[in-house]
Amino acid sequence: ATAVSATQINLAWENVAGETGYEIQKSSNATTGFVAITSVAANVTTYIDASATGHTTFYYRVLSLGLGGAKSAPSLVASATTPNRAPSIT
């Protein structure tokens, strides 16, 4: 996971042979509270989280999906901390 701005974190993972898609989960805690934020299609190995907020650490994990809705065990947890948002002068 890589924070590229105060509001964006980019995720990337290795493809799993035979998967039908991936579920991306997010939490504000490294060990608990993970919730699914989206699913992506088969062979897609990146996701851009554009809902991040500044000066915050987010934790992510990915599960591969199989036929009939089967899910793998989650990946290892990856984290990224967004920088502070720049002030807005009006």
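Each residue takes its place number in the sequence, starting with 1.
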Quick one: side chain to side chain donor-acceptor pair (under 3.5 Å) partners of Y60, sequence neighbours excluded? D49

Donor-acceptor pair, side chain of S27 and main chain of T32, under 3.5 angstrom: yes

Distance col, row N10:CG vs T46:OG1, nearest 0.5 angstrom, shows 8.0 Å

So, using side chain to side chain donor-acceptor pair (under 3.5 Å) as the criterion, who are the partners of E19 when residues are at least two apart? none

Between atom OG1 of T82 and atom CZ of F58, what is the distance when rounded to the nearest 0.5 Å? 5.5 Å

Heavy-atom distance under 4.5 Å between the side chains of I24 and L11, does that happen here? yes

Drop me the distance from S75's OG to Y22's OH, to the nearest 0.5 angstrom. 10.5 Å

Enumerate the residue pairs fulfilling salt bridge (charged side-chain N to carboxylate O under 4.0 Å, His left out) with a member in residues 1-15, sequence neighbours excluded, ordered by first and then second residue. none

I'd like to know if Y47 and V44 are part of one continuous hydrophobic network [Ile/Leu/Val/Met/Phe/Trp/Tyr, side-chain heavy atoms within less than 4.5 Å]. yes

Under 3.5 Å, sequence neighbours excluded: what are the donor-acceptor pairs made by side chains of residues 34-41?
none

So how far is it from N43 CG to N15 CG, rounded to the nearest 0.5 Å? 4.5 Å

For residues 29-42, which residue pairs qualify under salt bridge (charged side-chain N to carboxylate O under 4.0 Å, His left out), counting only residues two or more places apart or in two chains? none

Could you list all the salt bridge (charged side-chain N to carboxylate O under 4.0 Å, His left out) pairs where at least one residue sits in residues 51-71, not counting sequence neighbours? E23-K71

Tell me the closest heavy-atom pair linking T57 and S79, and the distance in Å. CG2-CB, 4.3 Å

If we only count heavy atoms from C-beta on, is the Q25 to L63 side-chain gap below 4.5 Å? yes

